[in-house]
Amino acid sequence: MSNGPRYRFAPSPTGFFHVGGARTALYNWALTLREGGTFVLRIEDTDESRNQPQWTQGIIDALAWLGINNGHPQFEGPYFQSDNAAEQVEAAMRLYAQGKAYFCDLTPDQVQERAKASGRPGYDGFSRERGLGPGPGRVLRFRVPEGETVTHDLVRGVVRFDNATIEDFVLLRGNGSPMFLLANVVDDQIMRITHVVRAEEHLPNTPKQQMLWHALGAVVPTWAHVPVLVNEQRKKLSKRRDKVAVEQYRQEGILADAMVNYLMTLGWAPHGDTEIVSWQRIVDEFRLQDVNHSPAFFDIQKLTAFNGEYIRAMSVADFIAVCQPVLASPSVPWPAAKYDAAKFAAIAELVQTRVQVLADVPSMVDFLFLDQPAIDDASWMKATKEAWARDVLVEMAAVCESCSEWSAVNLKVAFEAITERHELKLGKTQAPVRVAVTGRSVGPPLFESLQVLGRDSTVGRLRAAIARL
RNA sequence: GCCCCCAUCGUCUAGUGGCCUAGGACACCACCCUUUCAAGGUGGCGGCACGGGUUCGAAUCCCGUUGGGGGUGCCA
């Protein structure tokens with residue numbers, strides 16, 4: 001077992017794993033790798049009302065997809081917070097025995113009423129000196145000491161909190177179960193965590209937890225609070241409002257490498273003039289001290305641009321391989337039986353520079369696997385409105401039927417002759433042919449497309465188009 | 001309300017007192033290339049929130065203002 005630093009990622013299984021969590025996990029993972037430490041995954045499942053077991057597997061799968069996998073020697077877990085309930089309660093009772101915590105029988109409503117009456121928000125310490133023992137419905141509250149709590153944060157620096165502004169928070173619920181603040185600290189102690197790197201939303205929890213670490217007689221870990229990810233309204237990313245599920249991006253054909261690279265550039269940047277860098281370089285260069293202090297906008301457009309870069313950087317063979325899931329997806333517009341791997345392989349290189357996400361691929365090649373192309377009406381109208389369009393289609397159909405060798409170059413040469421006869425530009429004349437054959441006005445280069453489609457289909461579609469005019 | 005954090009192009013960032021007439025990337029615009037669309041190439045637009053200090057010198061340090069954000073649960 002490694003003696004290096006112990007980082008941890010502690011998500012709660014309350015929904016789809018989201019990009020903000022992924023970024024935090026990646027930060028921890030990069031640090032773990034660089035420093036020869038350990039990455040502990042702990043599922044914080046103490047909120048019985050909200051956590052769902054199925055989300056746990058989703059977290060594990062998404063982490064694995066991003067390269068954080070439990071097969072790696074520096075990965076430890078997953079642990080479950082609920083498994084440590086006994087130790088958490090025991091720690092709480094120790095605090096009670098030492099007078100560092102006390103029981104209170106006020107209900108949440110009563111606490112609120114008193115706060116309202118006094119004009120001061122939060123719990124007022126009503127039961128501090130009442131000497132209540134444990135009992136059903138009674139919560140255990142931490143007795144916040146007087147003074148100041150000074151935290152040292154690797155990204156924020158020194159952050160001071162006046163303890164007078166911190167209420168006596170709950171350690172154990174009325175039903176005896178441990179709450180987050182306590183459970184989190186006890187687990188971190190059990191797992192010998194040395195570095196707590198988490199999102200900025202936890203910064204206000206830090207003085208409370210630091211007091212707990214002290215009260216429990218342990219050496220506090222090193223804190224680091226990284227900025228949150230926000231939407232275009234500059235609000236923290238929310239599962240309800242925003243598109244945040246890692247799994248969804250994966251399904252749409254965002255590559256893991258692109259996602260990882262993009263996420264790492266939110267709040268941080270590698271040295272030099274390019275942000276597209278290898279994971280190894282990220283591991284080598286990433287430092288918490290260099291992390292920005294302000295929230296970062298999760299820009300899907302830039303994520304997509306990164307993804308396009310990664311797609312283009314792949315070999316054609318890799319691109320073909322990575323396209324298989326989307327080409328075999330049930331949402332594809334052609335009947336599964338009609339898919340022809342050889343045809344896709346023949347045209348793959350030409351689609352590779354034309355897609356940003358893998359989900360864009362099917363619409364670029366669907367004409368190859370459909371009996372008849374799905375003609376886009378607007379494109380059709382526009383491409384055939386000139387008088388010459390019919391002649392071009394007729395002449396092209398004839399050429400296609402009669403030309404000797406069925407090849408892109410041959411077709412191009414023949415078509416250029418037609419174009420010249422009409423004293424037009426290729427950019428113009430190819431439009432009706434393209435729409436007739438592929439159904440769209442944009443797509444991979446025309447003659448290569450025809451070559452892959454084949455002579456019979458091409459001629460058939462041209463004839464059908466002429467009949468349609 | 002109270003506590004805390006933050007502030008460089010629209011966005012993500014480089015910048016840690018002189019190398020900054022502030023660099024890169026995404027987006028946008030133009031041109032080139034070109035069989036559509038992309039890709040690629042070239043160029044352009046565009047920023048240190050404001051006000052005071054400190055200093056020979058400030059995007060960089062200090063204070064204030066303004067503006068954002070987070071927290072304020074018997075959620076995590």
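Each chain gets a letter, A, B and so on, in the order its sequence line appears, and its residues count up from 1.
- With sequence neighbours excluded, the residues forming a side-chain contact (heavy atoms from CB on, under 4.5 Å) with A:P145 are A:F142, A:N163, A:M211, listed by chain and number.
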Reading nucleotides 1-14 of chain B from 5' to 3' and marking B where a protein heavy atom lies under 4.0 Å of the base, S where only the sugar-phosphate is that close, and - otherwise, the string is B-SSBSS---SBSS
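- Picking from B:C74, B:A38, B:G71 the nucleotide with the shortest atom distance to the side chain of A:M179 gives B:C74.
- Residues that satisfy the side-chain hydrogen bond (donor to acceptor under 3.5 Å, both in side chains) test with A:N292, not counting sequence neighbours, are absent from this structure.
- With no hydrogens or angles considered, a side-chain donor-acceptor pair links A:H225 and A:T206 at under 3.5 Å.
- Residue A:L106 is classed as a base contact, given a heavy-atom separation below 4.0 Å to a base.
- Looking at residues two or more places apart in sequence or on another chain, you find a ring-ring contact (aromatic ring centres under 6.0 Å, His included) between A:F180 and A:H202.
- Atom name C1', nucleotides B:G18 and B:C12: the rounded distance is 28 Å, in whole Å.
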What does the list of N/O pairs under 3.5 Å between the protein and nucleotides 40-44 of chain B look like, with a distance for each?
residue: B:G40; atom: OP1; partner: A:R312; partner atom: NH1; Å: 3.2

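- Remark: A:W388 engages no residue in a ring-ring contact (aromatic ring centres under 6.0 Å, His included) (not counting sequence neighbours).
- Taking atom P in both B:C56 and B:U65, the straight-line distance is 28 Å, to the nearest Å.
- The side-chain hydrogen bond (donor to acceptor under 3.5 Å, both in side chains) check on A:S441 picks up nothing, with sequence neighbours excluded.
- B:G67 and B:A22 are spaced 30 Å apart, taking the P atom of each and rounding to whole Å.
- B:U42 and B:A49 are spaced 31 Å apart, taking the P atom of each and rounding to whole Å.
- Within the nucleic acid shown, A:T107 comes within 4.0 Å of at least one base atom, counting heavy atoms only.
- Take A:F126 and apply the ring-ring contact (aromatic ring centres under 6.0 Å, His included) test, not counting sequence neighbours, and it matches no residue.
- Between A:R42 and A:E44 there is a salt bridge, since at least one side-chain N of the basic residue sits less than 4.0 Å from a carboxylate O of the acidic one.
- By the ring-ring contact (aromatic ring centres under 6.0 Å, His included) test, A:F298 is found to be paired with A:Y249, A:Y262, residues two or more places apart in sequence or in another chain being considered.
- When every heavy atom of A:G174 is checked against every heavy atom of A:V139, the shortest pair comes out as N-CG1, 3.5 Å.
- Judged as a side-chain contact (heavy atoms from CB on, under 4.5 Å), and not counting sequence neighbours, A:V413 has no contacts.
- The gap from the P atom of B:A58 to that of B:C50 amounts to 15 Å, rounded to the nearest Å.
- Between B:G10 and B:C5, the distance separating the two C1' atoms is 24 Å to the nearest Å.
- Among the heavy atoms of the strands lying under 4.0 Å from A:H202 is at least one base atom, whether or not backbone atoms are also near.
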Practice problem: Start with the C-alpha gap between A:Y102 and A:Y96, add the side-chain angles, then the distance that decides, and say whether ring pair (Phe, Tyr, Trp, His ring centres under 6.0 Å) holds. | Solution: CA-CA 6 Å; A:Y102 60 90; A:Y96 169 66; 9.3 Å; no
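- Between A:E386 and A:K428, no side-chain nitrogen of the basic residue sits less than 4.0 Å from a carboxylate oxygen of the acidic one, so the salt-bridge criterion is not met.
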Under 3.5 Å, N/O pairs linking protein and nucleotides 32-34 of chain B:
none

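- Comparing the P positions of B:U34 and B:C20 gives a spacing of 38 Å, expressed to the nearest Å.
- Within residues 428-449 of chain A, the residues approached by RNA chain B to less than 4.0 Å at the level of any non-hydrogen atom are A:Q430, A:R434, A:S441, A:V442, A:G443, A:P444, A:P445, A:L446, A:F447, A:E448, in residue-number order.
- With both ends at atom P, the span from B:A38 to B:G15 equals 35 Å, rounded to whole Å.
- Regarding contacts with the backbone of B:C75, a side-chain N or O of A:R173 is found under 4.0 angstrom from either OP1 or OP2.
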